[in-house]
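Heads up: the structure comes next, in structure tokens.
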Amino acid sequence: MPRAEAVAIPLGALLAGFLAFSLFLLFLGKSPAEFYGLVWKAGFSSAFSWQNTLSRVAPLIMAALCVALPARLGLVVIGGEGAIVLGGLAAGVTGTHVAGPLGMVLMALSAMVLGGLWIGAIGALRIKRGVNETISSLLMAYIAIALFNHFVEGPFRDPGSLNKPSTAPLDAALRVGEMPFIAAHWGVAAGVIACVLCWILIDRTTLGFAARIAGDNIRAAQVQGLPVGPLVIGFTALGGAWAGLAGFFEVAAVHGSANASLIAGYGYTGILIAFLARHNPLAILPVAVLMAGFEASSGLIQRRMDLPDATILVFEGMVFIIILLSEALYGRLRIFSPGYWESR
């Protein structure tokens with residue numbers, strides 16, 4: 001029954017979020033049916049719609065992993081946006097000095113290393129100085145964006161980028177192409193592989209078991225002699241590495257250079273996805289596809305319903321609040337207790 005509870009409560013919270021947002025639309029004099037119809041049309045109804053959706057899936061998956069991995073240790077890290085933009089910056093700068101297939105590997109590694117160091121530092125601050133990881137990760141995201149803007153508009157700016165400062169355009173050999181038979185770049189496949197690997201790490205290895213023990217009771221883990229410090233730093237660094245890889249794919253597969261388009265809010269949407277998936281790497285996949293479909297529809301909703309582009313952000317905020325409120329239901333619903341159905 002715990003498995004059923006872990007599925008039913010988030011699903012119920014998602015449906016409650018849909019209902020709450022529908023009431024909000026009615027208050028504005030808009031049609032909820034039209035809204036959800038446009039979401040379906042823009043995000044899922046055709047091959048072109050799926051292309052728009054899948055183009056957003058990869059960074060959302062990896063941003064969610066940046067939240068989900070530290071969460072297994074009881075940490076709430078919400079700074080994935082910073083790791084994404086710095087990973088993209090590292091990939092863009094590295095791409096101007098390398099060439100060929102090895103160059104693409106070096107771009108990806110540089111993005112993962114910088115992202116891992118950035119988020120790993122949050123874990124180190126938590127262990128070494130007791131700094132709250134939620135506050136530090138949020139503040140460091142703002143610092144990362146400021147650093148990104150400084151370097152893109154200053155030392156690493158391409159002189160040819162006049163209206164939109166960016167790093168030098170990547171050579172064609174360093175661009176990530178599309179997967180065969182699917183109108184989506186290889187970052188989607190990398191995201192799926194990342195989720196599978198993280199699920200194996202968490203659920204099928206001794207490190208993952210130790211992380212879960214530390215997440216449930218850190219004092220008990222320390223008494224048992226588990227390496228809590230290295231676990232915290234390692235899991236936060238790994239989450240940051242995935243977020244940095246998302247920045248690499250955004251540069252190498254989508255934008256062709258590091259520019260302000262990297263600051264797209266994927267890191268913040270990843271927080272919602274991770275919580276809705278209960279920090280389960282495999283559950284992140286369908287939830288990320290769903291959220292990507294909603295984000296792909298924002299432009300169409302703005303044009304057809306005369307709503308601001310931030311409408312999807314309002315929807316995501318409502319769902320996130322209800323998801324947080326639903327945490328109080330775990331372990332309190334009799335229908336999910338082991339003896340309930342036996343008594344029936």
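Residues take their numbers from the sequence shown, with the count starting at 1.
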If you apply the rule side-chain contact (heavy atoms from CB on, under 4.5 Å), what do you find for S161 with N259, and how did you get there?
CA-CA 10 Å; S161 59; N259 55 57; over 6 Å; no

Below 4.5 Å, heavy atoms only, C-beta onward: do M305 and F35 meet side chain to side chain?
yes

Does the side chain of W118 come within less than 4.5 Å of I143's, by heavy atoms?
yes

Check the pair E178 / Q51 against side-chain contact (heavy atoms from CB on, under 4.5 Å), numbers first and verdict last.
CA-CA 11 Å; E178 293 184 349; Q51 181 179 4; 4.0 Å; yes

Heavy atoms only: give me the nearest L25-S31 pair and the separation to one decimal.
CD1-O, 4.4 Å

If you round to the nearest 0.5 Å, how far is CH2 of W199 from CG of L282?
6.0 Å

Are L313 and I322 grouped together when hydrophobic residues (ILVMFWY) are joined by side-chain heavy atoms under 4.5 angstrom apart?
no

Would you please indicate yes or no on a ring centroid separation below 6.0 angstrom for F24 and F315?
no

Should we count CD of E327 as having more than 12 external heavy atoms under 6.0 Å?
yes

Measure the CD1-OG distance between I312 and S298 for me, rounded to the nearest 0.5 Å.
6.0 Å

Between S110 (side chain only) and L106 (backbone N and O only), is there a donor and an acceptor less than 3.5 Å apart?
yes

Please lay out, stage by stage, how L117 and V113 fare under the test side-chain contact (heavy atoms from CB on, under 4.5 Å).
CA-CA 6 Å; L117 289 174; V113 168; 3.9 Å; yes

Under a 4.5 Å cut-off applied to non-hydrogen side-chain atoms, are P155 and H150 in contact?
yes

If you measure from CG on L89 to CZ on F151, what distance do you get to the nearest 0.5 Å?
7.5 Å

Side-chain heavy-atom pair L109, F248 within 4.5 angstrom cut-off
no

For the pair I61 and V57, evaluate side-chain contact (heavy atoms from CB on, under 4.5 Å) and give the outcome as yes or no after the intermediate values.
CA-CA 6 Å; I61 290 174; V57 164; 3.3 Å; yes

Could you tell me whether a side-chain N or O of R157 sits under 3.5 Å from a main-chain N or O of L162, the two making a donor and an acceptor?
yes

Output the distance between atom SG (C198) and atom CZ (R72), rounded to the nearest 0.5 Å.
10.5 Å

Nearest heavy-atom contact between A214 and A221 is CA-CB, 3.7 Å

Identify the heavy atoms of A83 and G240 that sit nearest to each other, and give their distance.
CB-O, 3.9 Å

Nearest 0.5 Å, please: how far is CG in L86 from CG in L114?
5.0 Å

Grab the two heavy atoms, one from A68 and one from A274, that are nearest each other, plus how far apart they are.
N-CB, 4.2 Å

What pairs with F209 under ring-ring contact (aromatic ring centres under 6.0 Å, His included), at least two apart in sequence or on another chain?
none

Have a look at I271 and tell me which of I323, L276, I78 forms a side-chain contact (heavy atoms from CB on, under 4.5 Å) with it.
I78

Crowded around R304 CZ? As in, over 12 foreign heavy atoms under 6.0 Å?
no

Under a single-linkage definition using a 4.5 Å side-chain heavy-atom cutoff for Ile, Leu, Val, Met, Phe, Trp and Tyr, are L290 and V39 assigned to the same hydrophobic cluster?
yes

Classify the side-chain pair S297/K41 by whether it contains a donor and acceptor separated by less than 3.5 Å.
no

If I compare all heavy atoms of P32 with all of S22, which pair ends up nearest, and what's the gap?
CG-O, 3.5 Å

Hydrophobic cluster membership, with links at side-chain heavy-atom distances under 4.5 Å among I/L/V/M/F/W/Y: are L201 and I119 in one?
yes

Between R175 (side chain) and A252 (backbone), is there a donor-acceptor pair under 3.5 Å?
yes

Same apolar cluster (I L V M F W Y, side chains within < 4.5 Å links), L26/L28:
no

On a heavy-atom basis, which atom in A211 and which in F235 lie closest, and how many Å separate them?
CB-CZ, 3.7 Å

What orientation do F249 and H185 show, parallel under 30°, tilted 30 to 60°, or perpendicular over 60°?
parallel

Would you check if L69 and W242 make a side-chain contact, meaning some heavy-atom pair closer than 4.5 Å?
yes

Is a side-chain donor or acceptor of T134 paired with a backbone partner of V76 at a separation under 3.5 angstrom?
yes

With the side chain counted from C-beta on, respond yes when M107 and L174 share a heavy-atom pair under 4.5 Å apart, and no when they do not.
yes

Close side-chain approach of F156 to F148, heavy-atom, < 4.5 Å:
no

Less than 4.5 Å apart, any side-chain heavy atom of E133 and any of T236?
no

Interatomic spacing from CG in L138 to OH in Y268 - rounded to 0.5 Å:
6.0 Å

Between F275 and L14, is there shared hydrophobic-cluster membership here, with clusters defined by ILVMFWY side-chain heavy atoms closer than 4.5 Å?
yes

Is the backbone N or O of A243 less than 3.5 Å from a side-chain atom of Y266, with the two atoms forming a donor-acceptor pair by type?
no

Salt bridge check, E295 against R56: does any charged N sit closer than 4.0 Å to a carboxylate O?
no

Check whether any side-chain N or O of S166 sits under 3.5 Å from a backbone N or O of S257 as a donor-acceptor pair, and report yes or no.
no

